[in-house]
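Encoded as structure tokens, the structure appears first; notes follow it.
Please read these numbers as outputs of a predicted model, since none were measured by experiment.
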Amino acid sequence: MAVTSHLPLFGGVRAWTPDDWTSSDDRVRGGSSHSKLDCSSASLIAHFNGNLDITTLGGAGFASQRTTGEHRRWDLSAYDGIELVIDRADGKLYTFTLKDQILPKRPDGREQSSLSWEFDFRADGRRTIFVKWSDFRPTYRGKNKDRGEVEPLDLKNIKRFGIMIRSFFGDQEGDFSLKLVSISALRTERYMDNPDEEVNAEEFDEKSGFQRQSRRSWFRWLTSCLGFSRR
């Protein structure tokens with residue numbers, strides 16, 4: 001299996017910038033959770049961190065960062081899924097989200113809810129996760145929707161990316177920390193040759209050899225950025 005096309009979206013060869021991200025925490029619903037994404041063009045890592053509060057909303061709570069801009073659009077139809085390269089994490093359950101629709105704001109300036117496509121993942125150290133499009137599940141206000149009831153994800157019209165942590169009604173709380181190296185879109189020979197093959201994201205990552213290959217590529221890129229070279 002080999003990567004045939006790689007599109008850096010955030011991080012990697014496309015430096016992280018705080019202008020790309022803004023918080024969207026449960027404070028919009030009267031909660032007390034808060035998050036931030038510490039990053040800069042000089043940093044190789046983006047740090048999603050903050051505090052997940054479950055007391056204010058009676059066990060519920062969420063904290064998230066999402067991309068800025070109401071008119072941005074990414075055409076990812078030529079790719080097979082999303083690659084998340086994680087540098088370090090705390091073992092908590094996180095959610096990566098996509099949106100292909102952003103509704104006009106309400107008269108009070110708050111955003112209207114719209115369908116999200118979500119993938120949950122957990123990490124407690126350095127790893128690479130590949131998420132194919134069929135692994136994303138449709139949700140509305142945090143509740144799963146039947147795929148037959150919604151329009152398919154419009155890959156030509158991705159308008160927002162997000163990173164979230166939820167309390168799951170008391171299962172998670174307190175400080176959290178997730179460090180990301182990059183977010184990219186990938187196309188691979190494996191999925192080009194077998195587009196209907198059902199492969200779990202965790203199995204793809206650990207059994208296919210892709211993770212080891214990706215780490216080597218990332219390490220070569222990292223050392224070149226730091227001014228080192230192999231002899």
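- Not a single donor-acceptor pair under 3.5 Å links the side chain of Asp100 to the backbone N or O of Asn157.
- Taking the six-membered ring where the residue is Trp, Phe176 and Tyr94 present perpendicular rings, their angle passing 60° and hence far from 30°.
- Put simply, the side chain of Trp16 gets close to the backbone of Val181: a donor and an acceptor are under 3.5 Å apart.
- Using a distance-only test at 3.5 Å, with no hydrogens or angles considered, a donor-acceptor pair links the side chain of Arg127 to the main chain of Arg122.
- Side chain of Ser23 to main chain of Asp25: no donor-acceptor pair is present (N/O by atom type, distance under 3.5 Å, no hydrogens or angles).
- Across Arg160 and Ile102, no two heavy atoms sit closer than the pair NH2-CD1, 3.6 Å.
- Residues Val85 and Ile45 share a hydrophobic cluster, clusters being chains of Ile/Leu/Val/Met/Phe/Trp/Tyr side chains in contact below 4.5 Å.
- Between Leu178 atom CG and Asp90 atom CG the span is 7.5 Å, to the nearest 0.5 Å.
- Atom CD of Glu151 is surrounded by 12 or fewer heavy atoms from other residues, nucleotides or ligands within 6.0 Å.
- The distance from the OG atom of Ser41 to the CZ atom of Arg14 is 13.5 Å, given to the nearest 0.5 Å.
- Pro18 approaches Ser40 most closely through the heavy-atom pair CD-CA, 4.2 Å.
- Across every non-hydrogen atom of Ile86 and Gly125, the tightest pair is CG2-O, 3.9 Å.
- Residues Leu155 and Leu98 fall within the same hydrophobic cluster, defined by Ile, Leu, Val, Met, Phe, Trp and Tyr side chains chained together at heavy-atom separations under 4.5 Å.
- Cluster annotation: Met164 and Phe119 are assigned to distinct hydrophobic clusters (Ile/Leu/Val/Met/Phe/Trp/Tyr, side-chain heavy-atom contacts under 4.5 Å, transitive).
- Cluster membership check: Ile165 shares its hydrophobic cluster with Phe136, using side-chain heavy-atom separations under 4.5 Å among Ile, Leu, Val, Met, Phe, Trp and Tyr.
- The backbone N or O of Gln65 lies less than 3.5 Å from no partner atom in the side chain of Ser24, so there is not a single donor-acceptor pair.
- For the pair Lys99 (side chain) and Phe161 (backbone), a donor-acceptor distance under 3.5 Å is absent.
- Taking the six-membered ring where the residue is Trp, the centroids of Tyr79 and Trp133 are separated by 6.0 Å or more.
- Note that OG1 of Thr68 is 7.0 Å distant from CG of Asp19, once rounded to the nearest 0.5 Å.
- In this structure, the side chain to side chain contact (heavy atoms under 4.5 Å, CB included) partners of Thr139, at least two apart in sequence or on a different chain, are Ser116, Glu118, Arg137, Asn144.
- Listed for the Arg126 side chain is no donor-acceptor partner under 3.5 Å among the backbone atoms of Arg88.
- Within 6.0 Å of NZ in Lys159 there are more than 12 heavy atoms belonging to other residues, nucleotides or ligands.
- Ser35 and Phe48 get closest at one heavy-atom pair: CB-CE1, 3.7 Å.
- With sequence neighbours excluded, no residue satisfies ring-ring contact (aromatic ring centres under 6.0 Å, His included) with Phe62.
- Electrostatic pairing of Asp26 and Arg29 does not count as a salt bridge here, judged by no charged N lying under 4.0 Å from a carboxylate O.
- Using modelled atom types, one side-chain atom of Asp135 and one backbone atom of Lys132 make a donor-acceptor pair closer than 3.5 Å.
- Residues Leu115 and Tyr140 share a closest heavy-atom pair of N-CD1, 4.1 Å.
- In terms of the side-chain hydrogen bond (donor to acceptor under 3.5 Å, both in side chains) criterion, residue partners of Thr56 (sequence neighbours excluded) are, by chain and number, Ser32, Asp53.
- Going from atom NE2 of His34 over to atom CG of Leu52 covers 10.0 Å, rounded to the nearest 0.5 Å.
- Judged by distance alone, the side chain of Ser177 and the main-chain N or O of Asn49 form no donor-acceptor pair under 3.5 Å.
- Remark: Ile82 CD1 to Leu186 CG distance equals 8.0 Å, nearest 0.5 Å.
- Under the 4.5 Å side-chain heavy-atom criterion for Ile, Leu, Val, Met, Phe, Trp and Tyr, Val150 and Leu153 are members of the same hydrophobic cluster.
- The heavy-atom pair separating Ser33 from Arg27 by the smallest distance is O-NE, 2.9 Å.
- How far OG of Ser64 is from CG of Leu37: 11.0 Å, rounded to the nearest 0.5 Å.
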